Amino acid sequence: EGQFLTPVVILGMNFGSQPTPWFGIIPSLSLFTLESPPIPFFGTFSLTVTSVPIYLFPGVVDLTVMNNAGRSNAIDFRLL
């Protein structure tokens, strides 16, 4: 959960070099991304830091990460 402009750390796999976090229908810029070296049969472990974008109403939205391979599965994120 977070408020407008709160930093958010997202952990996952295979984000690539230019991931775009999405809070519902609102994209956010990735401030920086770190990736592990490739691990056979798994890919890379990824970490990206972003901030909660401007939104109109508090509530729960789907948080996803989009890269050149497509969009990730969604997780719930509470906008405060």
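Being a predicted model, the structure only gives us computed values, none of them experimental. Numbers here simply count residues along the sequence, with the first being 1.
Here Leu47 pairs with Val9, Leu11, Phe32, Leu34, Val49 under the side-chain contact (heavy atoms from CB on, under 4.5 Å) rule; sequence neighbours left out. Residues satisfying the side-chain hydrogen bond (donor to acceptor under 3.5 Å, both in side chains) test with Ser51, not counting sequence neighbours, are none.
Heavy atoms only, all atoms of each residue included: Phe57 and Leu79 are closest at O-CD1, 4.1 Å. When all heavy atoms are compared, the tightest approach of Leu29 to Pro21 is C-CD, 4.5 Å.
Residues Leu5 and Ile26 are members of one and the same hydrophobic cluster, defined by side-chain heavy-atom contacts under 4.5 angstrom among Ile, Leu, Val, Met, Phe, Trp and Tyr. Using a 4.5 Å cut-off between side-chain heavy atoms of Ile, Leu, Val, Met, Phe, Trp and Tyr, with links allowed through other members, Val8 and Tyr55 fall into the same hydrophobic cluster. Hydrophobic clustering (side-chain heavy atoms under 4.5 Å, transitive across Ile, Leu, Val, Met, Phe, Trp, Tyr) keeps Phe23 apart from Leu31.
Expressed to the nearest 0.5 Å, how far CD1 of Ile25 lies from OG1 of Thr64 amounts to 11.5 Å. The distance from the CD atom of Glu1 to the OG1 atom of Thr6 is 9.5 Å, given to the nearest 0.5 Å. Taken to the nearest 0.5 Å, the CE atom of Met13 stands 13.0 Å off from the OG atom of Ser72. Rounding to the nearest 0.5 Å gives a distance of 11.0 Å between OG of Ser30 and CG of Asn67.
The hydrophobic cluster containing Trp22 also includes Met66, under a criterion of side-chain heavy atoms closer than 4.5 Å among ILVMFWY residues, counted directly or through chains of members.
Judged purely by atom type and a 3.5 angstrom limit, Asn14 uses its side chain to pair as donor or acceptor with the backbone of Thr44. With hydrogens and angles ignored, the 3.5 Å screen pairs a side-chain donor or acceptor of Glu35 with a backbone N or O of Gly16. Side chain of Asp76 to main chain of Val60: no donor-acceptor pair is present (N/O by atom type, distance under 3.5 Å, no hydrogens or angles).
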